[in-house]
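Below is one structure, written out as structure tokens, with a few remarks after it.
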Number of protein chains: 2
Amino acid sequence: MKHASEDIIEALKNARKARGLSQRALSERTGVPQSHISKIEQGNADIRLSSLIELARALELELKLVPRKALPAVESVVRTVSPPQATTSADTSKDVRRALDIIAQLRSTFPDLSGLRTLQEGLQIASHVKDLTRYQEQIRSITKPIRDIQKQTAQLKKRNDEITLPASTLREITQTADVARQLRSHLANSPQLTPSKPRPAYRLDDDDIDFRQSGEAGDG
Amino acid sequence: MKHASEDIIEALKNARKARGLSQRALSERTGVPQSHISKIEQGNADIRLSSLIELARALELELKLVPRKALPAVESVVRTVSPPQATTSADTSKDVRRALDIIAQLRSTFPDLSGLRTLQEGLQIASHVKDLTRYQEQIRSITKPIRDIQKQTAQLKKRNDEITLPASTLREITQTADVARQLRSHLANSPQLTPSKPRPAYRLDDDDIDFRQSGEAGDG
DNA sequence: GATTTTGATCTCCTTTGACATATCGAACGC
DNA sequence: GCGTTCGATATGTCAAAGGAGATCAAAATC
């Protein structure tokens, strides 16, 4: 249905996840059925004000009507007071591992997508870095699209025999690959990389990649 | 029905009035029937998110989900960016005159309510002050309850023959009377009072009161 | 590999918002 | 007085939310 409410709904969803709550957990706190929460987060329900407030309160959020004029200032304040989020480095590592699994699947389905390999390279290097705190944002911007793509293909798999990727998805892969390339060069210069335990000539795993600033020059 | 949505609804209502829009005018802009807007502002409708956003946008407001932690900061910012409101002194004078009319009615119905006399005194003094800008807030906090009380009694009048005031209303009158007393003492010291045209020994109108710090001491 | 968790989806039924339309009393202006 | 505007209400219709289930596939966990 997609209302103009997207932002609010998105914020609600993010808040729930940020607090580590499942839909069912939130359902128990609020009395709102899980099925309904799902519909809401999907954007398939035009929720009532009382319900919205109820959900928001359970997530320690308050609904505010702010003058359009004051919006930028308010957003800035919110960003300052409650920083982007405290994702732990451990969470990020988990994300990386999960994304690598997904990429492995995807690569077997789409062997000819070079972008996937670039993504894999970037993430594999990242998976060997102990503290990913500094790279959280970059990594998230890689892992998130990957999960999205997987969901897409999963849906396609259910219906069709033939799996095809829409142009938009291909473009997303390309863009994300750029981020992965950036990440790789950042990490290559990182003091964090040399450490851990000595690895035989940088050969890491079975399918692992040599990540010393390997040429591949072109960046776009 | 009274949901926790009160604040939002109140803000919406205030925003409409601040922009000088009638319910019908807002209705035309948004397509939402006036009858519905009335119900909403009355608190008798649990509005849907899409409708709320629509109304808000028409009033140049944006709905925001802000972390409870950031609330004070946000409220402060909003106050700074969009100042309290520009009620004109003329509007205030009008409010005062209207409230005086209402009090006259109320006093004839409830001759034994001394609080009403205190209110009348304060407002009558105010009605002779040219520029009420400095006292807008105080005056509003007097006139608003008066109008509310009138609405209550008006409703009672429709049903019953006997008109009685609930204890809560009596308490409201007492509290408001305190504000009126404050206002009177403020105005008594105001340079604005002496002015206008010479009045015969401060006898103003037919039912007017001598407002040089007149005793009347007792408050109960 | 087996089990639990999670989120999406469906059904059945009740409640209620949204809209249209009309009326009402109070207040204001002419 | 007379017409207008304002906000509050009433009635009837329709679509969608709310609520209580249950089911299911994919993920996460062990």
Side-chain angles (χ1 to χ4, degrees), chain A residues 1 3 5 9 12-13 16-17 19-28 30-55 90-91 94-95 97-102 105 143 146-148 150-159, chain B residues 1 3 5 9 12-13 16-17 20-28 30-55 90-91 93-95 97-102 104-106 143 146-148 150-159:
Chain A
M1 196 156 289
H3 307 91
S5 349
I9 296 304
L12 213 57
K13 189 170 172 178
R16 175 178 65 78
K17 295 197 170 174
R19 306 208 77 214
L21 291 175
S22 69
Q23 291 182 345
R24 279 192 172 81
L26 183 58
S27 164
E28 280 165 24
T30 57
V32 177
Q34 178 267 330
S35 60
H36 198 215
I37 293 179
S38 172
K39 247 197 276 183
I40 292 167
E41 292 190 352
Q42 220 76 28
N44 295 327
D46 193 358
I47 194 177
R48 288 183 195 160
L49 179 54
S50 61
S51 306
L52 175 57
I53 290 179
E54 198 178 356
L55 289 174
D91 289 339
K94 205 169 173 181
D95 276 355
R97 274 183 274 117
R98 197 174 300 168
L100 278 173
D101 281 349
I102 297 176
Q105 288 176 230
T143 57
I146 290 174
R147 304 199 66 164
D148 289 348
Q150 195 221 16
K151 280 188 187 170
Q152 278 183 43
T153 59
Q155 281 195 332
L156 287 174
K157 211 173 284 181
K158 278 208 301 194
R159 312 172 215 249
Chain B
M1 197 155 288
H3 308 91
S5 350
I9 297 305
L12 211 56
K13 188 171 173 177
R16 175 179 65 77
K17 294 196 170 174
L21 290 176
S22 70
Q23 290 183 344
R24 282 192 171 81
L26 182 58
S27 164
E28 280 166 24
T30 56
V32 177
Q34 178 268 328
S35 63
H36 198 216
I37 294 178
S38 170
K39 247 197 271 183
I40 292 167
E41 292 189 352
Q42 220 67 32
N44 296 326
D46 192 359
I47 195 177
R48 292 192 188 147
L49 180 53
S50 61
S51 306
L52 175 57
I53 290 180
E54 197 179 356
L55 287 174
D91 288 339
S93 301
K94 205 169 173 181
D95 276 356
R97 274 183 273 118
R98 196 173 302 169
L100 278 171
D101 283 349
I102 296 175
Q105 288 175 229
L106 289 176
T143 56
I146 290 174
R147 305 200 65 166
D148 289 347
Q150 195 222 17
K151 282 186 187 173
Q152 278 183 43
T153 60
Q155 281 195 330
L156 288 174
K157 210 173 286 179
K158 279 209 299 195
R159 313 172 214 250

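Lettering of chains follows the sequences in order, A, B, ..., and the numbering in each one begins at 1.
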- line: When the rotation axes relating C1' atoms of four end pairs to the next four are compared across the helix from C/dG1-D/dC30 to C/dC30-D/dG1, five pairs an end, they differ to 10° by 50°
message: Applying side-chain contact (heavy atoms from CB on, under 4.5 Å) to B/T143 and B/I102, what does each step give before you reach the verdict?
response: CA-CA 10 Å; B/T143 56; B/I102 296 175; over 6 Å; no
Which atoms of nucleotides 5-7 of chain C (N or O only) lie under 3.5 Å from a protein N or O atom, and what are those distances?
{"unit_1": "C/dG7", "atom_1": "OP1", "unit_2": "A/R16", "atom_2": "NH1", "d": "3.0"}
{"unit_1": "C/dG7", "atom_1": "OP2", "unit_2": "A/Q23", "atom_2": "N", "d": "2.5"}
{"unit_1": "C/dG7", "atom_1": "N7", "unit_2": "A/R24", "atom_2": "NH1", "d": "2.9"}
{"unit_1": "C/dG7", "atom_1": "O6", "unit_2": "A/R24", "atom_2": "NH2", "d": "2.9"}

message: To the closest 0.5 Å, what do you measure between OG (A/S35) and CZ (A/R24)?
response: 9.5 Å
Write down the protein N/O and nucleotide N/O pairs, taken from nucleotides 18-20 of chain D, whose separation is under 3.5 Å; answer none if there are no such pairs.
{"unit_1": "D/dG18", "atom_1": "OP1", "unit_2": "A/R48", "atom_2": "N", "d": "3.1"}
{"unit_1": "D/dG18", "atom_1": "OP1", "unit_2": "A/S51", "atom_2": "OG", "d": "2.6"}
{"unit_1": "D/dG18", "atom_1": "OP2", "unit_2": "A/H36", "atom_2": "ND1", "d": "3.3"}
{"unit_1": "D/dG18", "atom_1": "OP2", "unit_2": "A/H36", "atom_2": "NE2", "d": "2.5"}

query: side-chain contact (heavy atoms from CB on, under 4.5 Å) with A/S27: which residues, sequence neighbours excluded?
result: A/Q34, A/I37
For nucleotides 27-30 of chain C, print each protein N/O atom paired with a nucleotide N/O atom at under 3.5 Å, atom names and distance only.
{"unit_1": "C/dC28", "atom_1": "OP1", "unit_2": "B/R98", "atom_2": "NE", "d": "3.0"}
{"unit_1": "C/dC28", "atom_1": "OP1", "unit_2": "B/R98", "atom_2": "NH2", "d": "2.9"}

- prompt: Just how far is it from atom OG of B/S50 to atom CZ of A/R48, taken to the nearest 0.5 Å?
  reply: 11.5 Å
message: I need the A/Q23 CD to A/E28 CD distance, nearest 0.5 Å.
response: 12.5 Å
- prompt: Expressed in angstrom and rounded to an integer, what is the separation of B/N44 atom CG from D/dT9 atom C1'?
  reply: 10 Å
- prompt: To the nearest 0.5 Å, what is the distance between NE2 (B/H36) and CG (B/L26)?
  reply: 12.0 Å
query: By side-chain contact (heavy atoms from CB on, under 4.5 Å), which residues pair with B/L49, not counting sequence neighbours?
result: A/S5, A/I8, A/I9, A/D46, A/I47, A/L52, B/I53, B/L63
